[in-house]
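Below, chains carry the letters A, B, ... as their sequence lines are ordered, and counting in each starts from 1. The basis for the numbers below is simple: all heavy atoms, side chains too, and nothing from hydrogens, waters or symmetry mates.
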Number of protein chains: 2
Amino acid sequence: MDSDAKRRVTAADVAKRAGVSRSAVSRAFTEGAYLAPAKRALIEAAAQELGYRPNAMAAGLQGRRSNLIAIFVGEMANEYDKEVAAKLISGLNEAGKWPIVIGGSGDAARDAVNNVLRYPLEAMILRSGSLSTDISEACGKLGIPVIASGRVLDAAGVDNVCCRNQEAMAKGTELLIQRGRTRFGYISGPAGFGASAERKSGVIETLDMSGLALHADATGAFTVQSGYDAVMSLPNCAALDALICANDAMAIGALGALRERGRTVPEDISVIGFDDISMAKWPSIQLTTLRNPINGLVSSILDLLDRRQSDPAKASEMIWLDAEVILRATH
Amino acid sequence: MDSDAKRRVTAADVAKRAGVSRSAVSRAFTEGAYLAPAKRALIEAAAQELGYRPNAMAAGLQGRRSNLIAIFVGEMANEYDKEVAAKLISGLNEAGKWPIVIGGSGDAARDAVNNVLRYPLEAMILRSGSLSTDISEACGKLGIPVIASGRVLDAAGVDNVCCRNQEAMAKGTELLIQRGRTRFGYISGPAGFGASAERKSGVIETLDMSGLALHADATGAFTVQSGYDAVMSLPNCAALDALICANDAMAIGALGALRERGRTVPEDISVIGFDDISMAKWPSIQLTTLRNPINGLVSSILDLLDRRQSDPAKASEMIWLDAEVILRATH
DNA sequence: CGATTATGTGAACACGTGTGCACATCGGGG
DNA sequence: CCCCGATGTGCACACGTGTTCACATAATCG
């Protein structure tokens, strides 16, 4: 009324309005609490009228679940990362968890994480390799469970979800071998990522088992442009009849470059990617690829979260996801 | 020690460890507070050792800024939406604000918003038209400022950032007219969105001023597939020499369809889009488009937030952003 | 009707922090 | 030596909620 800054409506205000005690208001908003139905209706009407909502901060202080989850997503430059982030956010929302999202890298990201850790988080979900050990260490001290995906994080109290990169690439390579391809090229991901090594070795080992070897080998940065550049600078491009890319973005770039260099896909040369990002099924692309299962990833993360919350002291868990071969028009 | 669930380290713990009062610990962590340097160092060492961080919930209860901002992003199906969300999150992080992200639509999203509103938010950023009036009403009752973008929201206490859609499309249309194009087609966005109408009228009015009119007119869903479908089902596709699309995704779909129908871009027919999503500059696409300025959008939102916080009672503000013509290879 | 139980409710405490206020200590000037 | 200002610091309160505990009232049974 007289105060200048509009103060937030509090349970005491509702109590006064409804002519009951403040405790009754609190009970009206807690699930299991006992309260005379008539009084509950009265309180709800008053609350509705005043636009009251229990203050989650005060409730959290009281020992209630905070329902806050931090997600560290890194740069989100990658298309796949953005899709995962979007699905993860929706999934958490549906589970009644509210994600605080932290992006970026370097010192700024480190500061951001340190500040967000001041909130009583129920978990920290890591979607980026950078800073992951630092973050998980800090979370460990605070008793905040960590769920890592993408990059495997081997530490106490850290649960992991990871795609079987090597097996997936083996399946993809097998597909092209059965199709009669023999002269393979490979565009790898940047060296820092664990997934890069696993995917590449999946290709090489499978080729080896059939007595084949890589005829060309380039390294990209997981971006479309880098896939394009890699193919444009390939010396023996014309000699290849199969090109496997460490992710879809580079495969899409490669498709454009192959067209420019006069190769026709798939008659002339087969191309497959990895991830199955949404662009892979665009009409003008129709990329054959290995699906890095986003829905499975999200539901696994939610499962791990659930299990961790029901038993905070349980041993670290590791969930492996299988990739599925998605046949489209480039194999 | 003896308690089973690892209790969070509290200021009292640090105080005991450092042999000081709890107040001193609190002061050690507040910017302007006075404390003997020697004692501060002592406290910081103890805090470091125990992994202590002030509990943001208790601090927020005390009247400290919560630094929490909600972002309602809707479905995030659109590529542009995902890019905006990513940049917005980074921008907020750099400003020391922690975004709670809410996605989805319908009743689930409504519930999610209602639950997140229990936290003492500093602002609600709306990136989706759906539910926007409901949400802004609820925020108004709670005294939470609302910043809307994309869809203009005309209500008290709501600040807006919006692109000059009509003027932008006029620029794009003008470009193609000057290039000698005369037989225009247009692929519109879905009817529900305000931007759809504005963009279309920008095209039509500009054509009209030159004595031209639309020769073909289809409606898509802002997706790549819908742009592709729209062009494939165009009866008089061969008669057109210019195609303007309400966004980049549909333009990219249209490019693929035009190629299938034997038209060559840009010799035969010009194509422009709207937004300048990251795929627009992919080597195999190189779409000429109108840049819906994401960086400007994000910095405007941050500015509005800043101004609103320094003067909560200020009048609603509306910031208009100009689109820039990005010349690539399809005009 | 008296006694016992079921039912509903209000007062009081706890959560962890920031901060106003009073107090202690110390140095220096008269 | 005494007094006063300056500088640090501890005590206590407030924030808004959930929940325990004791109590009041109504209902049921002997």
Novice: Starting from the 5' end of DNA chain D, give me the residue, B:K39 or A:S26, whose nearest nucleotide shows up first.
Specialist: B:K39
Novice: When you measure only distances, ignoring hydrogens and angles, does the side chain of A:R118 come within 3.5 Å of the base of C:dG16 through a donor and an acceptor?
Specialist: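 Not at all, since no donor on one side and acceptor on the other fall under 3.5 Å apart.
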Novice: Grab the CZ-P distance between B:R40 and D:dT9 for me, whole Å please.
Specialist: 10 Å
Novice: Roughly how many Å is it from CD in A:Q62 to C1' in C:dT17, rounded to a whole number?
Specialist: 14 Å
Novice: Give the rounded distance in Å between these two atoms: CG of A:L35 and P of D:dT19.
Specialist: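 My rounded result for the distance is 14 Å.
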Novice: Closest to the A:P54 side chain: D:dG18, C:dT17, D:dC11?
Specialist: D:dG18
Novice: State which of C:dA11, C:dT19, C:dT17 makes the closest approach to the side chain of A:R27.
Specialist: C:dA11
Novice: Between D:dG10 atom C1' and B:I43 atom CD1, what is the distance in whole Å?
Specialist: 12 Å
Novice: Taking CG from A:N55 and P from D:dA14, how many angstroms apart are they, rounded to a whole number?
Specialist: 18 Å
Novice: How would you label the contact of A:R64 with the nucleic acid (heavy atoms, under 4.0 Å): base, sugar-phosphate, or nothing?
Specialist: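 Result for A:R64 = sugar-phosphate.
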Novice: Is any side-chain heavy atom of A:I301 closer than 4.5 Å to a side-chain heavy atom of A:K87?
Specialist: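 No. Closest side-chain heavy atoms not under 4.5 Å.
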Novice: Under the salt bridge (Lys or Arg N to Asp or Glu O under 4.0 Å) rule, what do A:R110 and A:D107 come out as? Steps first, then yes or no, please.
Specialist: CA-CA 5 Å; A:R110 193 188 309 270; A:D107 284 343; 3.8 Å; yes
Novice: Whole angstroms only, please: what is the CG-P distance between A:D13 and D:dC15?
Specialist: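 Interatomic distance, CG of A:D13 to P of D:dC15: 11 Å.
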Novice: Nearest 0.5 Å please: distance from the CG atom of A:L35 over to the CD1 atom of A:I43.
Specialist: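 With rounding to 0.5 Å, CG (A:L35) is 5.0 Å from CD1 (A:I43).
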Novice: Figure out the CG/P separation between A:L61 and C:dG18, and round it to whole Å.
Specialist: 12 Å
Novice: Is the closest side-chain donor-acceptor distance between A:N292 and A:Y80 under 3.5 Å?
Specialist: yes
Novice: Just compare D:dG16, C:dG16, D:dC13 and give me whichever is closest to any side-chain atom of B:T10.
Specialist: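 Per side-chain heavy atoms of B:T10, the pick is C:dG16.
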Novice: Measure from the side chain of A:T30, starting at C-beta and using heavy atoms only, and say which of D:dG10, D:dG18, D:dT17 lies closest.
Specialist: D:dG18
Novice: How long is the line joining CZ of A:R22 and P of D:dT17, in whole Å?
Specialist: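 Taking atom P of D:dT17 as the reference, CZ of A:R22 is at 7 Å.
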Novice: On DNA chain D, nearest-nucleotide positions of B:S23 versus A:A59: which is more 5'?
Specialist: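 Counting from the 5' end, the first nearest nucleotide belongs to B:S23.
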Novice: Respond yes when some side-chain nitrogen or oxygen of A:Y52 is under 4.0 Å from OP1 or OP2 of D:dT17, and no when none is.
Specialist: yes
Novice: So, the side chain of B:R308 versus the backbone of B:V146: is there a donor-acceptor pair under 3.5 Å, distance only?
Specialist: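 Side chain of B:R308 to backbone of B:V146, a donor-acceptor pair under 3.5 Å: no, none is there.
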Novice: Could you please name the option among D:dT17, D:dT9, C:dT17 that lies closest to any side-chain atom of B:A36?
Specialist: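 Among the listed nucleotides, the one closest to the side chain of B:A36 is D:dT9.
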